[in-house]
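This report concerns only the one structure given below.
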2 protein chains.
Amino acid sequence: MAKQNTLFKDAFNRCLLLLSETSALPSEPELGQALGVSRTTVRAILSRCEEAKLISWDKRQKIVLRRPEPSDYFPTEETDSLAERIERSFMRRILAGGAEPGMQINELELAREIGTGTTSVREFLIRFSRFGLIEKRPNSHWVLKGFTREFALELTEVREMFELRSAARFVSLPENDPAWAELKQIETLHREILADIDKRYSEFSELDERFHLLVHRSSSNRFIVDFYDVIAIVFHYHYQWNKANARERNARALEEHLAYIAALQSRDPRQAEQACRRHLKSARETLLQSIP
Amino acid sequence: MAKQNTLFKDAFNRCLLLLSETSALPSEPELGQALGVSRTTVRAILSRCEEAKLISWDKRQKIVLRRPEPSDYFPTEETDSLAERIERSFMRRILAGGAEPGMQINELELAREIGTGTTSVREFLIRFSRFGLIEKRPNSHWVLKGFTREFALELTEVREMFELRSAARFVSLPENDPAWAELKQIETLHREILADIDKRYSEFSELDERFHLLVHRSSSNRFIVDFYDVIAIVFHYHYQWNKANARERNARALEEHLAYIAALQSRDPRQAEQACRRHLKSARETLLQSIP
DNA sequence: GATTTGTCTTTTATCCACAATAGACAGATT
DNA sequence: AATCTGTCTATTGTGGATAAAAGACAAATC
């Protein structure tokens with residue numbers, strides 16, 4: 001089967017959205033830019049649109065003939081890349097299922113379960129190994145080290161070092177740095193969600209990631225920024241998995257964030273450090289509480 | 001060709017060393033333990049030893065018939081794993097050769113040059129990407145970010161955070177922790193090399209890695225210990241590549257290490273921090289000097 | 001003259017096959 | 001009773017094949 005054309009399908013779906021808002025499509029390179037794909041893929045999309053009588057296509061003339069209907073879209077299951085599917089399956093297995101530390105991980109078995117080749121699973125495991133949750137025994141299996149208390153403590157120790165350093169850098173960013181504008185936006189979103197917390201508390205997870213990533217970015221250090229991936233994936237699956245008291249937890253975190261944001265905006269290193277420490281401490285406690 | 005039997009060849013060579021010192025070999029599981037391979041490989045080794053009339057083998061009787069000669073060994077080029085060969089080729093290319101940042105890296109071309117399949121190269125690049133020197137553009141090529149001044153500064157920034165933290169932990173290790181004995185050994189080696197610095201200065205590189213890894217290990221934090229891989233690979237190739245004034249540089253570093261070791265042994269956190277800072281500062285300067 | 005399109009080549013992502021290696025189990029040996 | 005050996009099976013490491021996707025280049029169009 002070689003490569004799945006998930007990129008094509010996903011870009012096609014996104015093209016239909018564009019198409020429902022205009023009467024003609026732009027040039028091929030421009031469309032490629034808009035969809036983030038190469039001209040080869042753009043042309044495949046246009047061909048399919050033409051076949052489905054969505055547009056008439058003659059060289060530069062790409063006229064919309066009708067609005068796309070739900071049945072024109074590819075089903076969402078077909079638009080996820082293989083890597084995403086593998087990640088989800090794997091995380092479900094090791095977080096939800098009984099995942100005792102020390103358990104062996106079998107490439108072939110995982111591949112069969114997910115319905116894919118071993119190469120892709122293998123590459124996923126290699127990429128994933130940098131998160132410190134699994135380890136390879138050469139010429140033999142992988143070992144699950146598990147989402148344990150030690151893991152959480154080691155993770156948060158490094159996180160705290162990095163975020164304190166990043167917050168210190170943040171307050172000294174020049175006035176015209178775009179991070180200040182982004183911070184303002186994030187602040188506004190916090191207030192909006194807090195104002196309607198009962199309905200919108202579940203939006204916190206995404207906002208949390210956006211905020212902390214912004215802080216880490218100001219370190220201008222690739223190792224610090226890259227490490228944020230580890231934190232993000234852990235918290236991402238952690239939120240999905242541990243929903244007890246989510247509303248209260250998130251409300252409290254939003255308040256802490258607002259204090260932290262105000263401290264950053266004050267440009268005072270001491271205030272920023274204090275607010276950062278306070279929030280990180282409670283984030284650590286929350287994470288630890290969810291581990292048996 | 002599927003898999004190369006480099007493990008077998010390497011283990012066979014190591015087995016010949018054992019064989020030259022005894023008159024009979026132990027049981028298969030024991031031999032496997034000693035060589036770090038499975039019984040399957042042990043049996044392959046024994047078969048070959050028998051064929052080469054090095055031993056007579058009948059079930060539990062494995063009697064050495066003659067001493068191995070140089071011609072019995074496999075040539076060392078054949079005992080390196082594919083991953084090691086790829087790493088060396090790649091590092092030579094990007095460090096020695098003209099490696100401008102922004103250059104594209106082509107899996108197929110690399111594979112052809114090294115004489116291997118694309119899968120292995122690909123897996124190597126994925127593993128290597130955690131060192132922050134290359135970056136993947138999905139569905140497209142890899143980009144070389146280059147061994148630049150920024151890279152060195154970002155690397156040393158994190159290194160300094162981690163090593164200071166580890167040194168602080170080190171001084172509070174309990175008296176009976178094996179790290180103290182290892183530190184003593186390392187200290188002795190330092191003195192031996194310094195005493196005969198003109199001949200032995202090149203042994204510093206390996207000792208340097210051993211010392212700093214010991215310090216990082218005392219953090220008991222997998223992320224800190226894993227990060228030491230990044231430092232180690234950079235310094236490893238850096239030493240191979242920048243040999244100007246190696247004798248003086250190494251002599252100075254050895255002196256600094258001895259001061260640092262004494263400070264650790266004093267168990268005084270303040271002294272340890274000072275000595276650590278002093279050494280890291282000069283290590284950073286040395287690294288930066290070698291970058292244009 | 002700058003874009004755009006048509007066409008073609010190159011490269012990546014993925015599956016599959018096969019040798020090397022690990023590992024399991026029962027019968028043999030101490 | 002414990003360990004070892006013989007034998008067999010399962011899994012990993014690696015090369016090669018192929019569809020999807022990117023990208024190069026010249027001719028066409030504005």
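Quantities reported herein were computed from a predicted structural model and do not represent experimental measurements. Sequence lines set the chain letters: A, B, ... in the order given, protein chains first and strands last, and positions in each chain run from 1.
Environment of CD in B:E182: crowded, with over 12 heavy atoms of neighbouring residues, nucleotides or ligands closer than 6.0 Å.
A:E209 is linked by a side-chain contact (heavy atoms from CB on, under 4.5 Å) to A:Y228, A:A232, counting only residues two or more places apart in sequence or in another chain.
Side-chain nitrogen and oxygen atoms of B:K59 include none within less than 4.0 Å of the OP1 or OP2 phosphate oxygen of D:dG6.
A ring-centre distance under 6.0 Å is found for B:F162 and A:F162.
When the C1' atom of C:dT21 is taken as reference, atom CG of B:N5 falls 10 Å away, rounded to whole Å. If you measure from atom CD of B:Q61 to atom P of D:dC4, you get 14 Å, rounded to the nearest angstrom. Taking atom CG on A:D10 and atom C1' on D:dA21, their separation rounds to 14 Å, with Å as the unit. Distance, B:Q104 CD to C:dT10 P: 15 Å, rounded to whole Å.
Between the side chain of A:N221 and the backbone N or O of B:E154 there is at least one donor-acceptor pair closer than 3.5 Å. With hydrogens and angles ignored, the 3.5 Å screen pairs no side-chain donor or acceptor of A:W142 with any backbone N or O of A:L144.
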Base-contact (B) and sugar-phosphate-only (S) positions in nucleotides 10-17 of chain D, heavy-atom cut-off under 4.0 Å, - elsewhere: -SBBBBB-
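Less than 4.0 Å separates DNA chain D from at least one heavy atom of each of the following residues of residues 25-47 of chain B: B:S27, B:E28, B:P29, B:R39, B:R43.
If you find the closest nucleotide of DNA chain D to A:L7 and to B:K62, the one lying nearer the 5' end belongs to B:K62.
Between the side chains of B:E78 and B:Y73, no donor N or O sits under 3.5 Å from an acceptor N or O.
The shortest distance between side-chain heavy atoms of B:L18 and B:L31 falls below 4.5 Å.
What you find for A:D72 and A:F12 is that their closest heavy atoms are O-CE2, 3.4 Å.
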